[in-house]
Every structure is written in C-alpha cells, then in structure tokens.
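All remarks here apply to the structure that follows.
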Amino acid sequence: MPELPETRIKTAVVGCGRIGIRHAKILANLPDVELVAMVDVDRARAQEFARAYGGRPYGDLTEAVVAERPELVNICTPSGSHAALALASAAAGVSNLVVEKPMALKLSDADAMIRACDEAGTRLYVVMQNRYNLPITKLREAVDQGRFGKLVLGAIRVRWCRRQDYYNQDAWRGTWAHDGGVFANQASHHVDMLSYMMGPVASLAAMTTTRLVSVEVEDTGVCILKFESGALGVIEATTAARPVDLEGSISILGEHGTVEVGGFAMNEIKVWRFDDPQPEDAEVFERYKTNPPDVYGFGHHEYLKDVVEAIKTGTAPFVDGRKGRVSLELINAIYESVESGQEIHLPLEPRHSRLGRG
C-alpha cells in the first residue's frame with residue numbers, strides 16, 4: 001500500500017478545460033490539498049489555470065510528475081485520452097489517480113488501466129459524483145432496505161441542450177475516437193445510476209439518431225434493458241432538447257413504492273411514495289428538494305472530499321476502476337446494439353461498437 005501523506009496532498013490537474021475548472025476550483029479550496037501542477041497540451045491554458053488556482057504550468061504529464069511528485073493526479077481530459085494518461089501515471093509511480101467519466105472509451109483500455117494500477121499499487125478512483133447527491137443517497141438507502149420489494153422498472157431521462165457551438169469548441173467533441181455521443185458523454189452518469197439502483201444487466205437493445213447538430217455521433221438515443229432480476233429498464237437520452245436543459249432524472253418503480261429524482265442532475269426528489277410510510281418520509285421533500293444551478297449538480301465537491309479522506313486514511317475508493325467499468329460496458333453494449341441491430345447479452349465482447357475507434 002502506498003505511504004499515506006503526512007502533510008497536504010500534492011495534487012495535479014490534467015486537462016484545463018470545462019470539467020478541469022470544476023476540479024481545480026474545488027481542490028483549491030480543500031484544506032488538505034496543495035495544487036502543485038496544472039497540465040495541458042495547450043500550455044497557455046495550463047498557465048491560465050496555474051494563475052487562477054495555484055501550482056505550476058506544464059505541457060506534459062510525465063514532466064509534471066517527475067518535477068512535482070504529486071500524490072494525487074486528476075485526469076480531466078477528453079475521454080479518449082484517459083487510458084494513456086492513466087497508464088502513464090501508474091508507470092510514473094503516482095499513488096492515487098482520479099479519472100473523470102467515462103474512465104475510458106474501449107473496454108480493453110479500461111481493463112489495461114485496472115491491471116496497471118493494480119500492479120503499480122495505484123488507487124484508481126472513477127468520478128461518479130451523482131452517487132453523492134443527497135436524494136440519490138436516500139434512494140439507495142431505500143433500495144438497500146428493501147422498501148421497493150420486487151423491482152419492476154427503472155427509467156432515466158437525460159434531456160439536455162447542446163448546440164453546434166458546444167461541439168465546435170474543441171475538435172475532439174462529438175467524435176467516435178475521443179468522445180462518443182450522448183450515451184458516452186452526457187448520459188454516462190445516468191447509465192451508471194440505473195445499474196447502481198437496479199443491479200446487473202442481462203441484455204439490452206438500443207437505437208440512436210443525430211437530429212440537430214453536425215457531428216459523427218448521436219445526439220439522441222433510446223435503450224431498453226432487462227436486468228438479471230427480471231426487471232426492465234428504459235434510457236432516454238438527448239442533447240437535442242431546446243431551447244435549454246430540461247432534466248436529468250431517474251425513476252424507480254417496485255411492488256411497494258415509487259421514487260422519482262429529477263432536476264437538472266438527479267438532485268431533486270419529485271416523487272417519494274411507499275406502501276409503508278416511515279416517519280422520516282414526511283421530511284424528504286423539504287430536505288432533498290434543491291435543484292442545482294447547472295447539470296453538474298453538487299456531487300463533485302463531496303466526491304473529491306471523499307477521495308482526499310480515502311487517501312488520508314488509506315481506505316478503498318467508493319467508486320474504483322472495477323465499478324467504473326460496469327457503466328462503460330453498458331455504454332459499449334448500447335453502441336454494439338446500435339451497430340449490429342441486435343439485442344446484446346452481457347458480459348460483452350465488443351465487435352461492432354465504434355466507441356474509441358473512430
């Protein structure tokens with residue numbers, strides 16, 4: 001096991017873009033963290049981040065690791081680059097590695113990341129921050145307590161707005177090789193949440209289309225799932241909602257109750273009904289009704305705090321590489337179904353999915 005830090009945790013942020021800003025802002029305000037490096041292939045971006053949040057700018061990850069010896073590296077780059085950077089971090093001796101969603105695009109890359117981190121003794125954390133949303137923790141508690149009884153149906157809806165100017169910001173956006181479509185990018189957290197609540201998936205079938213933007217990948221898709229329990233699931237995902245973001249929600253229906261968590265980012269309880277009301281149920285809507293100001297929600301702060309605490313105490317990550325792989329397998333299975341036109345049974349051996357391949 002890597003040595004536990006005795007002082008502030010030296011941290012590097014890799015990828016100074018949209019999600020990197022969120023990580024940098026939060027990490028800069030955590031008392032147990034010292035930001036020592038900002039890394040981006042666009043060195044001007046790295047310099048801008050370093051001035052704003054701390055640390056020194058670098059254009060290369062390995063150079064930053066050699067110079068600064070960070071105990072924690074946060075990878076916030078385009079999805080298609082996650083695997084190479086994770087492997088480089090493990091090889092350089094980084095003891096703790098946070099990788100934004102999805103952890104990779106190809107399952108083979110995810111497996112290589114897990115294997116390399118195991119061999120190097122690197123703790124691998126995959127960002128699934130919505131698991132930390134207060135309504136989601138309450139929903140999971142109800143699942144664990146068996147309050148739903150037999151699960152019947154799980155549904156997620158991602159109805160967000162991403163116009164052409166969003167995809168035009170960077171050349172990697174909307175490409176198979178580096179990004180993927182709405183299922184791989186915007187809805188990846190929601191795919192994770194559905195399996196987190198409903199359990200392992202036995203099979204699925206999906207359809208996609210591109211309606212309102214000019215990109216390689218889909219802006220809209222639907223998927224039907226069958227879980228090993230016999231319950232069914234539905235995923236509806238689009239970035240073609242207009243004129244603004246509408247919702248990011250999950251509904252769980254069982255023989256003894258129904259819960260819907262909505263808002264922009266699964267942060268707002270809309271429905272909480274059970275056959276066996278509990279005294280605390282009356283407080284649910286008051287305590288868990290806050291909708292976040294944007295689709296990122298509130299979970300990143302709690303997630304990164306938990307990572308820091310896990311590093312300080314040497315405890316295991318809440319969402320590690322193996323848990324992150326579960327949702328990646330489902331995303332690849334969705335694309336496998338789209339390309340083959342077939343129902344896909346899990347576990348998956350990708351043959352047709354274009355994700356990560358271009």
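Every heavy atom of this structure was used, including side-chain atoms; hydrogens, water molecules and symmetry mates were not.
Of the possible polar contacts, none joining the Glu260 side chain to the Val271 backbone as a donor-acceptor pair under 3.5 Å is found. Of the possible donor and acceptor atoms, none in the side chain of Asp306 sits under 3.5 Å from a partner among the backbone N and O of Glu302. The backbone N or O of Val126 lies less than 3.5 Å from a partner atom in the side chain of Tyr303, making a donor-acceptor pair. Without hydrogens or angle criteria, Asn332 side chain to Leu105 main chain gives a donor-acceptor distance under 3.5 Å. Gln164 places a side-chain N or O within donor-acceptor distance of the main-chain N or O of Ser214, the cut-off being under 3.5 Å. Remark: side-chain polar atoms of Trp160 are paired, donor with acceptor, to backbone N or O of Phe264 under 3.5 angstrom. Remark: the backbone N or O of Ile136 is not paired with any side-chain donor or acceptor of Asn133 at under 3.5 angstrom. Side-chain atoms of Glu71 do not come within 3.5 Å of backbone N or O of Asn96 as any donor-acceptor pair.
Of all heavy-atom pairs between Glu218 and Val182, the closest is OE2-N, 3.0 Å. Ser89 approaches Leu61 most closely through the heavy-atom pair OG-CD2, 3.4 Å. The nearest pair of heavy atoms linking Gly199 to Phe227 is O-CD2, 3.3 Å.
Within a 6.0 Å sphere centred on NZ of Lys323, heavy atoms belonging to other residues, nucleotides or ligands number more than 12. For NZ of Lys138, the number of neighbouring non-hydrogen atoms (other residues, nucleotides, ligands) closer than 6.0 Å is greater than 12.
Considering CG of Asp144 and OG1 of Thr137, their distance stands at 11.0 Å, rounded to 0.5 Å. Taking CE from Met128 and CD from Glu100, the interatomic distance works out to 9.0 Å, rounded to the nearest 0.5 Å. Ile9 contributes atom CD1, which lies 6.0 Å from atom CG of Asp32 (distance to the nearest 0.5 angstrom). Note: Arg357 CZ to Leu355 CG = 8.0 Å, rounded to the nearest 0.5 Å.
Using a cut-off of 4.0 Å between Lys/Arg side-chain N and Asp/Glu carboxylate O, Glu236 and Arg159 are scored as salt-bridged. Of the charged side-chain nitrogens involved, at least one lies within less than 4.0 Å of a carboxylate oxygen, so that Arg45 and Asp170 count as a salt-bridged pair.
By the side-chain hydrogen bond (donor to acceptor under 3.5 Å, both in side chains) test, His82 is found to be paired with no residue, residues two or more places apart in sequence or in another chain being considered. For the side-chain hydrogen bond (donor to acceptor under 3.5 Å, both in side chains) test, no residue two or more places apart in sequence or in another chain qualifies with Ser195.
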Review point. How far apart are the C-alpha atoms of Asp219 and Arg163, what are their side-chain angles, what is the distance that settles it, and do they pass the salt bridge (charged side-chain N to carboxylate O under 4.0 Å, His left out) test?
Key: CA-CA 10 Å; Asp219 66 6; Arg163 299 178 184 273; over 6 Å; no

Review point. Can you list the steps and then say if Glu343 with Lys226 is a side-chain contact (heavy atoms from CB on, under 4.5 Å)?
Key: CA-CA 10 Å; Glu343 179 180 4; Lys226 185 172 184 178; 5.5 Å; no

Practice item. Could you walk me through whether Ile235 and Ile156 pass the side-chain contact (heavy atoms from CB on, under 4.5 Å) test, one step at a time? Key: CA-CA 5 Å; Ile235 301 172; Ile156 56 175; 3.7 Å; yes

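Ring to ring, Phe148 and Phe274 are close: their centroids are under 6.0 angstrom apart.
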Please set out all donor-acceptor pairs under 3.5 angstrom arising from side-chain atoms of residues 47-56, sequence neighbours excluded.
unit_1	atom_1	unit_2	atom_2	d
Arg56	NE	Glu68	OE2	2.6
Arg56	NH2	Glu68	OE1	2.8
Arg56	NH2	Glu68	OE2	3.4

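Looking at Ser340 and Arg351, their side chains never bring a donor and an acceptor atom within 3.5 Å of each other. Donor-acceptor pairing under 3.5 Å is recorded for the side chains of Arg157 and Ser249. Neither side chain, Gln342 nor His352, offers a donor N or O lying under 3.5 Å from an acceptor on the other.
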